[in-house]
Structure formats: C-alpha cells, structure tokens
Amino acid sequence: MPYPELNGESLVWMYETMVTIRRFEEQSRREADAGKLRGMHSSIGQEAVPTGICAHLNEKDYVLGTHRSHHHCIAKGLDINEMMAELLGKSTGTGKGKGGTMHIADINKGMLGANGVVGSNIPVATGVALTAKVKGTDQVSVVFFGDGASSQGVLHESMNLAGIWKLPIIFVCENNRYAEATPFEYSVAGGSVANRADGYGIPGVTVDGQSVLDIYEVGKEAVQRARLGEGPTLIEAQTYRYQGHFGADDPLGYRSKEEQDYYMARDCIVMLKQHILDGGHADETQLDDIDTQCLEAVSAAAEFANDSPFPDPEELNTDVYVAYR
Amino acid sequence: MPYPELNGESLVWMYETMVTIRRFEEQSRREADAGKLRGMHSSIGQEAVPTGICAHLNEKDYVLGTHRSHHHCIAKGLDINEMMAELLGKSTGTGKGKGGTMHIADINKGMLGANGVVGSNIPVATGVALTAKVKGTDQVSVVFFGDGASSQGVLHESMNLAGIWKLPIIFVCENNRYAEATPFEYSVAGGSVANRADGYGIPGVTVDGQSVLDIYEVGKEAVQRARLGEGPTLIEAQTYRYQGHFGADDPLGYRSKEEQDYYMARDCIVMLKQHILDGGHADETQLDDIDTQCLEAVSAAAEFANDSPFPDPEELNTDVYVAYR
Amino acid sequence: MTQTQSTRQISFIQAINEALRQEMTRDPDVIVMGEDIAGGGEREDFQDAWGGPMRLTKGLVNDFGRTRVRDTPISEAGFVGAGVGAAASGLRPVVDLMYVSFYGVCADQITNNAAKMHYMFGGKVKVPLTIMTGIGAGTNSAAQHSETLYSIFTHFPGLKCVVPSNPYNAKGLMTAAIRDDDPVIVFNNRQLMGLRFEDHVPEDSYIVDIGKSDFKTQGEDITLLGIGYTTRVCMEAASILEEQGYSVEVLDLLSLSPMDEDAILSSVQKTRKIVIVDEDYPRCSIASDISALVAEEAFDYLDAPPKRVTAPHTQVPYSRPLEALFVPTKEKVVAAALEVLE
Amino acid sequence: MTQTQSTRQISFIQAINEALRQEMTRDPDVIVMGEDIAGGGEREDFQDAWGGPMRLTKGLVNDFGRTRVRDTPISEAGFVGAGVGAAASGLRPVVDLMYVSFYGVCADQITNNAAKMHYMFGGKVKVPLTIMTGIGAGTNSAAQHSETLYSIFTHFPGLKCVVPSNPYNAKGLMTAAIRDDDPVIVFNNRQLMGLRFEDHVPEDSYIVDIGKSDFKTQGEDITLLGIGYTTRVCMEAASILEEQGYSVEVLDLLSLSPMDEDAILSSVQKTRKIVIVDEDYPRCSIASDISALVAEEAFDYLDAPPKRVTAPHTQVPYSRPLEALFVPTKEKVVAAALEVLE
Ligand SMILES: Cc1ncc(C[n+]2csc(CCOP(=O)(O)OP(=O)(O)O)c2C)c(N)n1
Ligand SMILES: Cc1ncc(C[n+]2csc(CCOP(=O)(O)OP(=O)(O)O)c2C)c(N)n1
Ligand SMILES: [Mg+2]
Ligand SMILES: [Mg+2]
C-alpha cells in the first residue's frame with residue numbers, strides 16, 4: 001500500500017489480503033463455535049470492498065468501520081495476531097481484550113475503530129476528515145457502513161456536513177442486501193443508497209462489490225478527489241454476506257438458496273484469481289503459495305491468541321480515562 | 001376548511017387567515033416588548049405557507065410544527081384567545097400556560113403541537129400518519145419545519161420510513177433562507193431541500209412561498225396523494241421571515257437591506273389581496289372589513305389573555321403523568 | 001411456591017410474547033414496531049423470519065399481520081418518534097429498542113417528546129407508548145451492547161420505568177405497560193431472557209401494578225434490594241446468608257418510576273439495614289437514589305449506613321474474566337451484607 | 001475578597017470567551033464548532049454576525065478565521081460526532097451544544113463514542129473533546145430549553161463533567177477542559193451568563209483543577225452544597241442563616257465527575273449536617289448521589305439525615321409563576337437548613 005497502479009504487485013497484494021480475510025474469518029468462526037467468543041459478524045463474501053479501497057490508502061489515512069469490520073482491519077494492515085487475540089479477549093489484543101470483535105482499532109495503522117452502534121461511526125469519520133482539512137494534510141478518511149446503516153440519520157447529516165465543508169471523506173456503503181433479516185429492498189426507499197448523494201451535491205457511485213477491480217477503480221477516483229480537496233464521494237458496493245448475520249442464525253430463514261448461489265458463484269476471490277491467472281500476473285503455484293502462507297499466518301494468529309493471557313483483573317478499571325482526578 | 005376549490009370563498013378564507021396571523025404576530029411582539037414573554041419567534045412574512053396547505057385539511061387531519069408555529073396554529077383553526085393566553089403563560093391557554101409560545105397544541109383541532117427541538121416533530125408526524133394508515137382512515141399528517149431543520153437526521157429517517165410505508169404525510173419545509181444567522185446556502189449541501197426527495201423515491205416540489213395560490217396548488221396535489229394512499233410528498237416553500245430569529249436580534253447583522261426589500265416587496269398578503277381584487281372575488285370594502293375584524297379579534301385575544309389568571313401553584317406538579325402510582 | 005400440577009412455567013421470552021399477543025388480541029390499537037421483529041421485510045415466503053432479535057415477538061406477524069407488526073429500518077429516532085406520534089394520535093404502540101445503549105440515537109424522541117408532551121400541552125394529549133429494551137452485561141457483547149442505563153430514564157419526569165425479574169412479572173408488567181396511558185419503558189435483562197423460573201405464570205392475562213415492588217422473602221436482619229437480574233443475585237445471596245443464620249428480606253423493586261418508597265422504607269424500618277444491588281453504573285444511579293431515600297427518610301431506624309453493590313464506574317469490558325468482575329455477584333452481595341451485619 | 005484596584009471583573013460570558021481565545025492562541029489544534037458560533041455562514045460581509053447564541057464565541061472568527069471557528073448546520077449528531085472524530089485524530093475541538101436538552105439528538109456520539117473509545121481501544125486512542133452546553137431554567141423557555149441534566153452525563157464512565165459558578169472558575173474550568181485529554185462537558189447555567197461577580201478574574205490564562213471543589217465560606221454548623229447557579233443560592237441562604245447566628249460552610253462542587261468526595265466528607269465530618277442544593281431533576285441525580293455518599297461514608301458523623309433541595313419531579317413549566325416554583329430558592333434552602341439545624 002498504496003497501490004496507485006493496477007499491476008501484478010497490487011493484484012497480488014489484493015489477492016493475499018482477501019485470502020487472509022477469508023481464512024481469518026473461517027478461523028474466528030471456529031473459535032466462536034468452540035465457545036471462545038459470542039456473536040461474531042463474519043465478513044466472508046465481502047472481502048473485495050475494503051481491499052479495493054484500502055489499496056489506495058497509506059498508514060496516515062484513516063478507516064472507520066462497523067460491527068462487521070474484521071475485513072476492514074485486515075485490509076488496512078492490522079496485525080492479525082493482535083486481532084485474533086482481541087477476539088478472544090486477551091491482553092495482547094488490539095484493545096487489550098477490552099473492546100472485542102466489534103471494537104478493533106489500531107491508531108498507528110490508521111484504523112480508528114470498528115463500532116457496534118449502526119451508523120455511529122459515520123460522523124466520527126467526518127471529524128477525522130475535518131482534522132485533515134484543518135491541518136492541511138492530504139489524509140483521507142474512509143468510513144464503511146452497511147445498507148441497514150444507510151437508514152440512520154447521521155449518514156444524511158454527515159453527507160451534508162462533508163458536502164458543505166468539502167471534506168476528504170469517502171462514504172462506502174457495503175450493500176450486502178440484508179440488515180439482519182431485513183432485505184435491502186424493504187428498508188431503503190427509492191431502492192438505491194448511491195442515488196441519495198445527488199441531494200447533497202456530491203458524487204454517488206454504484207459498483208459491483210464482488211469485483212475488486214471495479215472497486216479499485218472507483219476507489220481510486222474517490223481517493224483522488226479527496227486528496228485534491230474536491231470533497232466527499234459516496235460509493236455503494238453491491239456485495240453479499242455468505243453467512244448469517246452473527247453466525248448462529250440461518251440466513252435461509254430470510255433468503256433463498258437460489259439467491260445465495262447466484263452471489264456465491266460470483267465469489268470475489270475466485271474472480272480475482274481468474275483475472276490474475278488470465279493476465280499472467282502470477283501463476284497457479286505462486287497463488288497456491290500465497291494461500292498456504294495465509295493459512296499459516298492465520299493458524300499462527302490463532303495459536304498466538306489462544307496462548308496469550310487474559311487481562312489482569314485491575315484492567316477492569318484502567319483506560320476509562322486518560323487521567324481521573 | 002377544507003377548500004377543495006379555489007374560489008371566492010377559499011380566497012377570502014385565506015386572506016382572513018393570513019391577516020389574522022400577521023395581526024396576531026404584531027400583537028405578540030408587543031406583548032413580548034412589554035416583557036410579558038421572552039424569545040418569541042415571529043412568523044411574519046411566512047403566513048402563506050400553512051394557509052395554502054391547511055386550506056385542504058379538515059379538523060381530523062393533523063398539523064405538527066416547530067418553535068415558529070403561531071401561523072401553523074392559526075391556519076389550522078386554533079382559538080387565538082387561547083393561543084395568546086398560552087403566550088402569556090395563563091391558565092386559559094391551550095396548554096394551561098405550561099407549554100408557552102413554542103408548545104402550542106390543540107388536539108381537538110388536529111394541531112398536535114409546536115416543538116422547540118429543531119426537526120424533532122418530523123418523526124412524530126410520521127407516526128401520526130402511521131395511525132391513519134393502521135386505522136384505515138383518510139387522515140393526512142402535515143409537518144412544517146425550517147430550512148435549518150432539513151439538516152437534522154430525522155428528516156432523512158422519516159422520509160425513508162414514510163417512503164417505504166407509503167404514509168399519508170406531507171413534509172413542508174419553510175425555507176425562509178435562514179436558520180438563526182446561518183444562511184441556507186451555507187448549510188444545505190446541494191442547494192435544495194426538495195431535491196433530496198428523489199433519493200427516497202418520493203416527489204419533491206419547490207414552490208414560491210409568497211404565493212399562497214401556488215402553495216394551494218401543490219398542497220392540493222400532495223393532500224390528494226396522501227388521501228389516496230399514494231404516499232408522502234416533500235414540499236419546499238421558498239419564503240422569508242421579516243423579523244429577527246427570536247425578536248431581539250437584528251437580522252441586518254447577517255443579511256442585506258436589499259435582500260429584505262426584495263422579499264418584502266413580494267409580500268404574501270399584498271399579493272393575495274391584489275389577486276382577489278383583480279379577479280373580483282371581493283372588493284376593497286369587504287377586505288377592509290376583514291382587516292378590521294382581524295384586528296379586533298386579535299385585540300380581544302390580547303385582552304382575554306391579559307385578563308386571564310396565571311395557573312395555580314399546584315399546576316406545577318400536575319399533568320406530568322396521566323396517573324402516577 | 002411448591003410445584004404443583006397446575007404450575008405453569010414459561011420462559012421470560014415466552015412471557016413477554018404472551019403479553020404482547022394477548023394485548024394485541026384484546027385491543028386493535030396495539031401495534032408493535034422494531035428491527036426484525038418479524039423479519040424478512042415483506043417477502044411473502046419469509047414471514048416471521050426472525051421474530052425479534054431475542055424472539056420476543058415470534059409468531060406475532062402470523063397472527064396479526066404486517067399492518068400491526070412492523071419491521072423497521074435501522075432508524076431508531078425515526079421509528080421511536082413514530083411511536084410517539086402514533087401514541088398521541090390514537091394507537092398504543094409497543095416499540096422495540098433492541099439494546100438500551102441505542103437510546104443514544106433516539107433520546108430526543110423519548111425525553112423531549114414522549115416524556116414532555118402531556119405536560120407541555122396542558123394534559124390534553126396522552127402518549128400511551130411502550131418501549132421495550134434489552135439491558136445488561138454478561139453476554140460478551142462489550143461496552144456498547146451491555147449497558148443497563150435505566151437510571152437515566154428514571155431521572156426524567158414524564159417517563160415510567162419498570163424492570164421485570166422473572167416471567168411472572170415480565171408478563172404482568174408488560175401488560176400493565178401497554179394499558180398504561182403514560183409512556184412506559186420496560187427494561188428486560190438479557191441474562192434472564194432464556195430462563196424459566198419456579199413461579200407460576202397464569203395463562204390468562206393479568207397485570208402487575210406499575211409502582212409496586214415485591215417481597216420475595218420476609219426477614220428480620222437485613223434487606224437486600226434487587227432490580228431485575230440482581231434480584232436473582234440477591235436471592236442466591238440470601239440463601240447463603242440464611243445458611244449462616246441470618247433472616248433476610250429480599251425486595252424486588254420492579255418499578256423504578258414510580259418507585260414503591262413505602263415498601264423500601266417499611267422494610268428498612270424493620271431490618272434496619274439495607275444492601276442495594278444494582279448492575280447499572282454507580283454514579284447518579286437508582287442505587288444512589290434508593291440509598292439517599294433510605295438515608296433521609298429512615299435515618300433514625302438505620303443501624304448501619306445503607307450499602308450499595310453496583311457495577312464499577314467503568315465501561316463494560318469485552319474480555320470475559322473482566323466482564324465477570326463487572327456484574328454484581330452473590331459473593332459480593334454476601335460480603336457487603338456481612339459488613340453491614342457485623 | 002475586597003475589591004481593590006487590581007480586581008478585574010468580567011462577566012461569565014467574557015470569561016469563557018477569554019478562555020477560548022487564549023487556548024486557541026496557545027494551541028493551533030484547538031477549534032470551535034457549533035450553530036451560529038460565528039454566524040453569517042461564509043458571507044464575507046457578515047463575519048461574526050452572531051458570535052454564538054449566548055455570545056460566548058464573539059470575535060473568535062475574526063481572530064482565528066473560519067477554518068478554526070466553524071458554523072455548523074443544525075445537525076448535532078453530525079457535528080458532535082465530528083468533534084469526537086477530530087479529537088481522536090489530533091485536534092482539540094470545542095463543540096457548542098446550545099442547550100443541554102439537545103443532547104437527545106446526539107447522545108450516541110457522546111456516550112457511546114466519546115466516552116467509550118478510550119476504553120474499548122485499550123487506552124490507545126484519546127478523545128480530548130470539550131463540549132460546552134447551556135443549562136437551567138429561569139428564562140421563560142419552557143420544558144425543552146431549560147433542563148439541567150448533568151446528572152445523566154455524570155452517570156457515564158468515561159466523561160468528565162464540570163459546572164462553573166462564576167466567571168473566575170468558568171474561565172479556569174474551560175481552560176482545564178480544553179487541555180484535558182479526556183472528553184469534558186462544561187455545563188454553563190444561563191442565569192449566570194450575563195452576570196459579573198466580585199471575584200477577580202486574572203487576565204492571564206490559568207486552570208481550575210477538574211475534580212476540585214471550592215469552599216466559598218468556612219463554617220461549623222452546617223454545610224450547604226451548591227452546583228453552578230445554586231452555589232449562588234446557597235450563598236444567599238448562608239447570609240440569611242448567618243444573620244440568625246449560624247456558622248455556615250458553603251461548598252461549591254464545580255466538578256461532578258470526578259467529584260471531590262474528600263471535600264464533601266471532610267466538610268460534613270465537621271458540620272455534621274448537609275443540605276444539597278441542585279436544580280436538576282431529583283431522581284437518580286447528582287443530589288441523590290451526594291446524599292448517598294454522605295450517608296454511607298459519613299454516617300457516624302451525621303447529626304441529621306442529609307437533605308436535598310432540588311427541582312421537583314416535573315417538567316420545567318413555561319408560565320413564570322410556575323417556573324419560579326421550579327428552581328431552588330434561598331427561601332427553600334433556608335427552610336431546609338433550619339429543619340436540619342433544629
Ligand atoms: C443503532 C443500532 N441499531 C440496531 C443495532 C443492531 N444491529 C446490529 S447489526 C444490525 C444490522 C446492520 O445491517 P447493515 O448496516 O446492513 O450491516 P451488515 O450487518 O449487513 O454488515 C443491527 C440492526 C445496532 N447495533 N445499532
Ligand atoms: C436540535 C436543536 N438544535 C438547535 C436549536 C436552536 N435553534 C432554535 S431555532 C433554530 C434555527 C432553526 O432554523 P430553521 O429550521 O430554518 O427554522 P426558522 O427559525 O428559520 O423558522 C435553532 C438553531 C434547537 N431548538 N434544537
Ligand atoms: Mg447489510
Ligand atoms: Mg429558516
């Protein structure tokens with residue numbers, strides 16, 4: 001990172017990132033199934049979205065996420081050992097185990113946090129963009145949120161604020177078609193999140209969220225706009241979550257097998273792999289090696305996390321304030 | 001009310017309503033200047049907006065307002081004696097003096113309340129429309145709010161909700177170009193409130209807020225849509241407040257004399273009067289008589305209010321609950 | 001209560017579900033709104049896909065249809081506000097605010113509108129709104145999904161706040177809330193949700209009076225006051241203390257606003273000692289409120305200062321060993337009681 | 001303090017304005033945001049049209065420009081949230097929340113984000129945000145513009161809450177809040193705004209420590225505890241009581257979170273009696289919090305139960321004669337004190 005050009009190097013980075021995410025999520029599900037954490041929101045199926053965007057970001061740029069943010073964190077370069085430790089509530093985690101799966105952050109990597117309240121990070125990200133503006137840096141702030149979150153008033157308030165102040169922010173809606181068990185077409189009047197940008201005089205783009213290449217392109221333009229001080233962009237990436245909302249639920253309770261099959265047939269990793277092979281950017285063996293490395297890295301992360309100690313009891317009462325009294 | 005046809009009767013009703021509002025506001029300003037109330041938000045200049053809309057409403061329909069709502073109340077047929085008494089905090093007021101200038105309501109007249117929190121009544125009005133929908137009546141809910149209020153997230157949430165549920169509600173933005181001392185063009189990204197309706201798949205209309213006839217026309221269509229179950233409409237009425245935000249402030253601190261003159265030259269009452277005379281719907285004498293009656297009615301209201309007693313001390317603690325314990 | 005043939009035990013969830021169903025049957029003006037309370041949006045083939053995140057509303061959409069059982073977008077300010085407006089114009093809406101921490105996006109509608117309309121409009125408008133919301137730690141959900149927070153709602157005049165502790169009173173309080181003409185918030189502890197209790201839950205509809213607390217046990221030596229989940233903790237602590245020879249009175253508060261001050265004071269006048277056990281944050285809380293009440297109104301009866309066992313002044317931690325230290329436990333209650341008793 | 005040549009008296013408003021100006025001069029990372037805090041949007045010819053609804057920010061835009069003094073749309077969730085994000089990424093924003101009741105539209109940003117980020121992120125992110133907000137009745141503004149509400153923020157771990165009572169501590173607490181690395185809310189009573197006080201206000205920048213209360217008078221017979229505006233009421237009541245021969249200690253709390261428990265307890269240990277005077281609603285309030293603290297920690301010292309004089313459990317009424325009954329008065333404080341003293 002950042003990868004301004006779409007070439008072998010950037011394609012391989014994206015592949016590796018997406019495979020890491022998937023393996024990480026598979027492992028976290030295993031940890032959850034083993035009872036080591038509860039209610040974990042898997043990002044499997046949505047790997048392409050943050051990957052295509054974060055390809056344009058450096059460590060000084062910021063990303064803010066949601067309850068479903070493991071993929072954002074990995075795409076932003078967070079250490080998966082610390083992430084997995086956080087999931088297991090260990091003292092070696094990104095937040096010393098205090099935040100957990102919905103609250104992973106690493107300010108040194110520009111990840112200013114996942115957030116468990118739907119929509120809640122949108123204004124926070126707007127403030128991050130304000131810092132860049134006030135300080136005159138060329139930093140960019142990216143906030144990811146779901147189709148469900150698009151119904152929260154703060155999106156409207158933040159688009160308005162970013163619009164009048166021309167802030168360097170990118171609003172990325174990961175439209176995975178469901179908010180819990182509520183289908184997108186039920187909850188979003190007008191049928192499009194991207195279209196709402198018009199009302200704020202800012203560009204709104206819809207993109208195939210399974211094609212990391214398409215996302216890369218719209219991300220490039222949006223990041224450029226932001227860096228040049230031309231203001232915000234709203235991107236709606238049409239994607240799909242493969243698993244249930246938080247794991248324990250069966251998505252076939254509210255969506256059809258056909259629909260699932262349709263989306264899974266357009267798997268973002270499979271599609272990128274094909275593109276890489278077709279273009280000769282890497283060969284099968286190289287990609288297999290990456291697959292192996294990712295798997296090993298995730299296993300190592302699981303081992304690290306499981307071997308790490310829980311926080312000391314006194315940690316309950318520290319970090320509430322920087323200083324109190 | 002209601003006045004489905006634009007004819008002599010409805011024109012005269014509108015004239016009388018608008019003149020009553022203006023005289024009422026002049027009187028309330030005098031009461032405020034005499035120290036009998038503080039911080040009163042005058043609606044002078046904006047009389048046409050609720051008048052043109054309320055012409056289509058009956059007592060079963062609902063109106064909800066803002067901190068600046070005297071004109072909504074009068075257009076919805078509230079008793080000006082009780083209104084003036086409320087302004088003076090008297091026991092004979094619409095709210096027994098407990099609510100005051102920002103909280104006038106009369107449920108029997110379908111006025112479900114002014115509201116002092118900017119934007120706050122928008123979802124409440126949406127709920128009122130929901131009642132009509134659930135009960136299967138043909139009632140309509142109208143919520144008035146300012147250009148400043150358009151920046152509140154609840155507008156977005158409510159348009160979305162009304163959009164997906166096809167609720168019989170009309171969102172009326174009185175764009176008087178200022179929110180306190182903040183000009184509309186600064187605070188509204190994209191430069192139009194009405195345009196935001198598109199994003200929710202609902203009609204958005206901009207109308208000359210000084211022309212009660214134009215408002216009457218868009219109001220007619222919106223009310224019809226609502227009654228027929230076709231869903232919400234957003235109307236942006238471009239109007240102007242003649243006085244300061246709450247009275248004590250001088251608007252020339254943030255807007256030019258030229259601008260003021262421009263708008264005041266298109267005074268809604270003057271324009272309607274001209275139309276009535278031109279069309280021969282009434283003659284000068286008849287309108288003069290109305291002027292006199294309105295003035296007398298407002299004087300009588302002031303007398304009624306001033307002569308009314310303050311609430312008894314025990315009223316402090318009543319009406320907090322319907323029943324407690 | 002001994003378990004007889006006629007004892008009917010249902011879970012906390014079922015109790016609330018039953019109350020909702022019975023009130024919806026009884027009164028066509030009762031509607032329910034919230035995120036995924038039916039689920040599946042309006043897809044014909046996926047009716048009742050979810051039935052509420054805690055399954056509190058399971059089955060209602062099949063019986064009452066989508067006009068009265070409404071899935072909402074994630075717009076709490078929008079739909080809680082709509083609940084206020086619907087209540088003020090003739091319905092009796094029940095609104096599900098999934099977790100209490102989400103109050104943050106809709107507090108305006110609750111405290112500025114629902115709570116104040118009746119007063120501001122001179123008593124002429126009623127707001128018979130019920131809000132039900134999930135509270136409490138212990139489910140590994142971290143700081144934004146585990147708060148208790150009923151104290152801040154109790155702070156506001158115009159609101160009523162109730163906290164059931166078992167299926168019996170969950171059903172009765174829910175029924176009472178729906179029939180009440182004022183806005184009532186029902187705080188349901190998530191750790192209690194799946195549980196069944198010994199208490200018999202009548203099949204017929206009934207009310208548990210808002211504003212009345214419940215003596216779970218009578219005793220002479222000390223009063224343990226619990227709220228919702230902590231009533232359970234108090235009962236466990238009482239067993240331990242009774243084994244040690246103390247006679248313990250456990251008072252289940254049930255209503256925070258209005259609050260059964262008489263019961264609290266009469267209990268303390270008898271036992272002369274009280275431990276207040278609460279999971280909410282400690283500052284400006286219901287625990288301090290009760291402690292202050294007792295101190296001021298029963299001062300001359302007290303043998304020892306009132307004592308509070310609460311959550312600490314810290315966020316709810318995610319990590320389980322830390323989270324276990326956050327919630328009041330029977331051990332902490334026993335220790336506090338012994339301190340007061342000795 | 002005797003008024004000497006060197007005594008500098010400025011109004012509460014000027015004091016806050018001065019603190020803002022000095023901190024903005026000192027630290028380029030300090031910015032100010034809010035509705036009409038400059039006014040006029042970006043119209044060249046109407047700079048500083050408003051200067052804040054209470055004129056707290058008058059003149060700042062001329063000195064520091066529109067990059068650092070930002071008018072906002074009426075989107076409290078949006079711009080308070082932006083304050084949180086700006087604070088977490090390197091600025092020290094001061095956000096004006098005009099009246100505290102508007103917390104309702106932005107509570108999520110305050111209590112779920114500002115308060116919790118430091119903890120949830122393992123202490124690695126700081127949120128040096130200052131929120132200033134207007135509180136208090138007495139201005140004929142009715143139920144939605146007259147609340148006090150600091151109790152509910154004190155409830156939340158992660159927030160600091162301060163309430164100045166005069167221009168001296170208004171300036172010092174504002175300065176301290178801006179320099180503090182945690183989120184701090186400064187609650188400014190509107191009745192105090194236009195007032196000047198006897199106290200000398202140094203021109204140079206200084207800090208009043210967050211977490212420290214201030215003994216306004218020393219006395220032996222009774223402690224009167226005031227907060228912001230009610231400190232003034234306590235002082236007036238103290239004069240009356242002293243005329244009647246009592247020696248009164250007035251403690252000005254200043255900080256609610258953290259709270260100067262030591263000062264409260266040491267005062268009560270001396271006087272053995274306390275009247276807590278507060279304008280916030282009574283339930284689950286700072287008044288109950290202090291009453292409980294005193295009851296539990298100074299039980300053996302107390303000659304009489306702690307006593308609270310607060311607003312009633314009712315909305316703030318519009319009608320002036322009613323409103324006058326809402327706010328604690330010196331007469332009520334004197335009556336309460338005499339009850340305790342006798
Ligand atoms: C304000 C708020 N309301 C409700 C919830 C409960 N909740 C958690 S995730 C979720 C669905 C979010 O849907 P979406 O935004 O589409 O994100 P996705 O889960 O699809 O990634 C809901 C309703 C919440 N966390 N915050
Ligand atoms: C949530 C909220 N924020 C701020 C205010 C303070 N305030 C009262 S009126 C007003 C301006 C409203 O502007 P607009 O909506 O255009 O209505 P207008 O006054 O022009 O009628 C503001 C900021 C408020 N009452 N509520
Ligand atoms: Mg989704
Ligand atoms: Mg306006």
Side-chain angles (χ1 to χ4, degrees), chain A residues 62 64 86 91 93-100 102-108 112-117 119-136 139 141 143 152-154 156-162 164-165 167 311 315 317-325, chain D residues 28-29 31 33 41-42 67-68 70-91 93 105-106 108-109 112-129 157-160 180-183 209-212 255 257-260:
Chain A
Y62 284 101
L64 292 96
E86 188 64 24
S91 64
T94 46
K96 303 183 189 162
K98 296 182 180 189
M102 284 195 287
H103 307 293
I104 297 178
D106 185 346
I107 188 135
N108 295 323
L112 203 42
N115 194 317
V117 181
S120 188
N121 248 352
I122 302 174
V124 180
T126 307
V128 170
L130 177 61
T131 298
K133 177 107 178 180
V134 170
K135 295 202 174 220
Q139 286 161 296
S141 173
V143 61
Q152 282 287 10
V154 282
H156 156 102
E157 298 189 11
S158 301
M159 286 201 294
N160 190 51
L161 215 51
I164 64 167
W165 288 348
L167 297 181
E315 286 289 336
N317 296 304
T318 59
D319 301 323
V320 183
Y321 296 91
V322 177
Y324 201 52
R325 214 155 295 224
Chain D
D29 289 339
I31 66 164
M33 290 194 277
E42 276 165 343
T67 301
R68 295 176 63 200
R70 307 186 78 92
D71 279 338
T72 63
I74 310 176
S75 311
E76 284 83 359
F79 70 77
V80 172
V84 175
S89 56
L91 295 179
V105 299
C106 58
D108 178 51
Q109 295 301 324
N112 285 326
N113 291 341
K116 296 189 171 65
M117 283 169 77
H118 187 63
Y119 191 87
M120 295 192 305
F121 302 158
K124 294 169 188 168
V125 173
K126 293 178 190 171
V127 186
L129 170 72
L159 300 176
K160 293 178 178 171
D180 199 283
D181 276 341
D182 289 306
D209 281 333
I210 295 176
K212 289 292 275 180
S255 282
S257 179
M259 183 162 79
D260 196 347

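We name chains A, B, ... by the order of the sequence lines, and we start the count at 1 in each one. No hydrogens, no waters, no symmetry mates; every other heavy atom, side chains included, goes into these values. Please read these numbers as outputs of a predicted model, since none were measured by experiment.
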Query raised in the report: More than 12 non-hydrogen atoms from neighbouring residues, nucleotides or ligands closer than 6.0 Å to NZ on A:K133, yes or no?
Result: yes
Query raised in the report: How far does CG of D:D108 sit from CG of A:N115, to the nearest 0.5 angstrom?
Result: 7.5 Å
Query raised in the report: Quick one: what part of D:D209 sits under 4.5 Å from any heavy atom of chain A, side chain, backbone, both or neither?
Result: neither
Report task. Name the region of A:S120, side chain, backbone, both or neither, that has any atom closer than 4.5 Å to a heavy atom of chain D. Result -> both
Requested in this report: For residues D:S89 and A:Y62, determine if any side-chain heavy atom of one lies less than 4.5 Å from a side-chain heavy atom of the other.
Outcome: yes
Query raised in the report: Got a second to check how far A:E157's CD is from D:I74's CD1, nearest 0.5 Å?
Result: 10.5 Å
Query raised in the report: Taking the side chain as C-beta and beyond, is there a heavy-atom pair between D:H118 and A:V320 under 4.5 Å?
Result: no
Requested in this report: Can you tell which part of A:E315 gets under 4.5 Å to a heavy atom of chain D, answering side chain, backbone, both or neither?
Outcome: backbone
Requested in this report: Tell me, for D:K160 versus chain A, whether the close heavy atoms (under 4.5 Å) come from the side chain, the backbone, both or neither.
Outcome: both
Query raised in the report: With respect to chain A, which residue among D:G83, D:A88, D:S255 yields the maximal number of heavy-atom pairs within a distance under 4.5 Å?
Result: D:A88
Query raised in the report: Between D:K124 and A:D319, does at least one N-O distance fall below 4.0 Å, as a salt bridge requires?
Result: no
Requested in this report: Output the option from A:I122, A:V117, A:V154 having the highest count of non-hydrogen pairs under 4.5 Å with chain D.
Outcome: A:V117
**Report entry** Most contacts with chain D, counted as non-hydrogen pairs under 4.5 angstrom, among A:S91, A:A105, A:G93
**Finding:** A:A105
Report task. Counting only heavy atoms closer than 4.5 Å, note whether D:N113 contacts chain A via side chain, backbone, both or neither. Result -> side chain
Report summary line: Ranked by heavy-atom pairs below 4.5 Å to chain A, first place among D:G211, D:A87, D:G78 goes to D:G78
Report task. Specify which of A:K98, A:K96, A:M102 makes the most heavy-atom pairs with chain D at under 4.5 Å. Result -> A:K98
Query raised in the report: Which answer fits A:I164, side chain, backbone, both or neither, if we ask what part of it has an atom under 4.5 Å from a heavy atom of chain D?
Result: side chain
Query raised in the report: Can you check whether D:F121 reaches A:I107 side chain to side chain, under 4.5 Å on heavy atoms?
Result: no
Query raised in the report: Could you go step by step and tell me if D:S257 and A:Y324 meet the side chain to side chain donor-acceptor pair (under 3.5 Å) rule?
Result: CA-CA 9 Å; D:S257 179; A:Y324 201 52; 2.4 Å; yes
Query raised in the report: Non-hydrogen atoms of chain D under 4.5 Å away: do they reach the side chain of A:A162, the backbone, both or neither?
Result: neither
Requested in this report: Mind checking the CE-CD spacing from D:M120 to A:E86? Nearest 0.5 Å is all I need.
Outcome: 10.5 Å
**Report entry** Contact origin within D:E76 toward chain A - heavy atom pairs under 4.5 Å
**Finding:** backbone
Report task. Measure distances from D:M259 to the heavy atoms of chain A and classify the residue's part below 4.5 Å as side chain, backbone, both or neither. Result -> backbone
Query raised in the report: Which bit of A:T318 comes within less than 4.5 Å of chain D, counting heavy atoms only: side chain, backbone, both or neither?
Result: backbone
Query raised in the report: Can you name the nearest heavy-atom pair linking A:P123 to D:Q109, along with the distance?
Result: CG-NE2, 3.2 Å
Query - Check: D:F79 and A:L130 side chains under 4.5 Å, non-hydrogen atoms - result: no
Query raised in the report: In Å and rounded to the nearest 0.5 Å, what is the OG1 to CG distance from D:T72 to A:N160?
Result: 10.5 Å
Query raised in the report: Do D:Y119 side-chain atoms and A:Y321 backbone N/O form a donor-acceptor pair below 3.5 Å?
Result: no
Query raised in the report: If you tally heavy-atom pairs under 4.5 Å against chain D, which of A:L167, A:L112, A:N108 wins?
Result: A:L112
